[in-house]
Amino acid sequence: MSTLAQSPQTTPRSPSAASRITSIALMELRIIFRNKTVLAGAVLMPIAMAVYFFYFGAEQMVDPSSTAVMAGLTLMAVALLGVYLTATTTMATRREELFLKRLRSGESSDAVIWLGMLVPIVALVAGQLAVIAVGFGMAGMDAPARPLVVLGAVLGFLALCATAGMLTSIYTPSAAAAQITTLPFFAVVFASFFWTAFDDGFETLSRLTPGGALQALLMTGWGATDLDLTVAGAAAALLAWIVVPYLIAASRFRWEKR
């Protein structure tokens with residue numbers, strides 16, 4: 001009597017979280033590059049704004065302080081248009097198309113879906129900023145005295161714009177409405193930036209704002225201010241502006257249109 005050996009059954013492995021994020025991110029990139037309106041808003045407009053700021057402000061960069069202000073203006077224009085506005089528009093559009101609902105019906109977690117949607121936008125703008133930085137350097141802009149502080153400020157502000165866009169998208173019913181719902185955050189960031197850059201009073205309070213924290217870090221990065229505990233406070237404030245919008249958005253996020 002012979003016995004048949006049974007081969008062990010192998011169950012197919014489910015895709016990892018990283019592979020799911022990559023898949024969603026690549027899908028989102030294809031959509032961005034196919035949509036001329038989104039592509040112009042995410043790529044062409046931020047670069048145009050950077051060129052505009054440099055062209056009219058190059059003569060003002062006579063010291064580290066003015067250079068930090070110019071760098072901050074450029075970063076805000078590129079990141080707010082390229083990351084914040086694009087993230088808000090993208091999330092609202094995908095919700096309206098029920099794309100987010102279909103993604104959530106699969107095996108991907110909420111965090112994986114959010115990362116897959118936001119990572120390509122942030123990466124695209126980070127690449128733009130790298131190209132702009134090289135161009136500014138070739139045009140004569142002074143390099144930062146503390147590049148790691150500047151790098152941390154840039155990455156932190158990009159993350160802030162991504163989580164703020166995620167939060168704003170909850171209150172944005174359509175892509176067209178994003179032109180209105182994003183205005184308050186634009187105003188807050190630019191106003192707080194100039195408050196910190198040009199006001200000699202209330203420095204501690206101004207550094208708690210999103211634009212103020214960014215400018216305080218850039219000032220230190222270019223050597224206009226000392227590297228002391230106030231920089232740690234600005235970094236903590238910037239981190240809080242990343243985490244708080246994310247936590248609020250994660251608890252209230254809507255996956256389908258009303």
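Below, each value reflects all heavy atoms present in this structure, side chains not excepted, and no hydrogens, waters or symmetry copies.
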Legend entry - Contacts of Ser174 that satisfy side chain to side chain donor-acceptor pair (under 3.5 Å) - sequence neighbours left out: none
Legend entry - Any residue meeting side-chain contact (heavy atoms from CB on, under 4.5 Å) with Leu227, in chain and number order, not counting sequence neighbours: Arg146, Val149, Thr220, Val231
Inset, instruction - Give, for atom CZ of Arg95 and atom OG1 of Thr172, the distance between the pair rounded to the nearest 0.5 Å. - result: 7.5 Å
Inset, instruction - Apply the side-chain contact (heavy atoms from CB on, under 4.5 Å) test between Pro210 and each candidate in Trp241, Phe190, Phe193; give the one that qualifies. - result: Trp241
Inset, instruction - Show the numbers, then the answer: is there a side chain to side chain donor-acceptor pair (under 3.5 Å) between Thr230 and Asp228? - result: CA-CA 5 Å; Thr230 59; Asp228 51 23; 2.3 Å; yes
Legend entry - For Val188, the rest of its hydrophobic cluster, which grows through side-chain links under 4.5 angstrom: none
Inset, instruction - Quick one: name the residues clustered hydrophobically with Leu148, using the 4.5 Å side-chain heavy-atom rule over I, L, V, M, F, W, Y, and just say none if it's on its own. - result: none
Inset, instruction - Specify whether Tyr84 and Phe185 have parallel, tilted or perpendicular ring planes, treating 30° as the upper limit for parallel and 60° as the lower limit for perpendicular. - result: tilted
Inset, instruction - Determine the interplanar angle of the Phe253 and Trp255 rings, folded into 0 to 90°, and report it as parallel if under 30°, tilted if 30 to 60°, perpendicular if over 60°. - result: perpendicular
Inset, instruction - Using the test ring pair (Phe, Tyr, Trp, His ring centres under 6.0 Å), find all partners of Phe99 that sit at least two apart in sequence or belong to another chain. - result: none
Inset, instruction - Hey, could you give me each pair passing salt bridge (charged side-chain N to carboxylate O under 4.0 Å, His left out) that has a residue in residues 108-135? Not counting sequence neighbours. - result: Arg104-Asp110
Inset, instruction - For the pair Glu97 and Lys257, evaluate salt bridge (charged side-chain N to carboxylate O under 4.0 Å, His left out) and give the outcome as yes or no after the intermediate values. - result: CA-CA 8 Å; Glu97 297 170 345; Lys257 58 184 179 180; over 6 Å; no
Legend entry - Enclosure of Leu183 CG (heavy-atom neighbours >12, cutoff 6.0 Å): yes
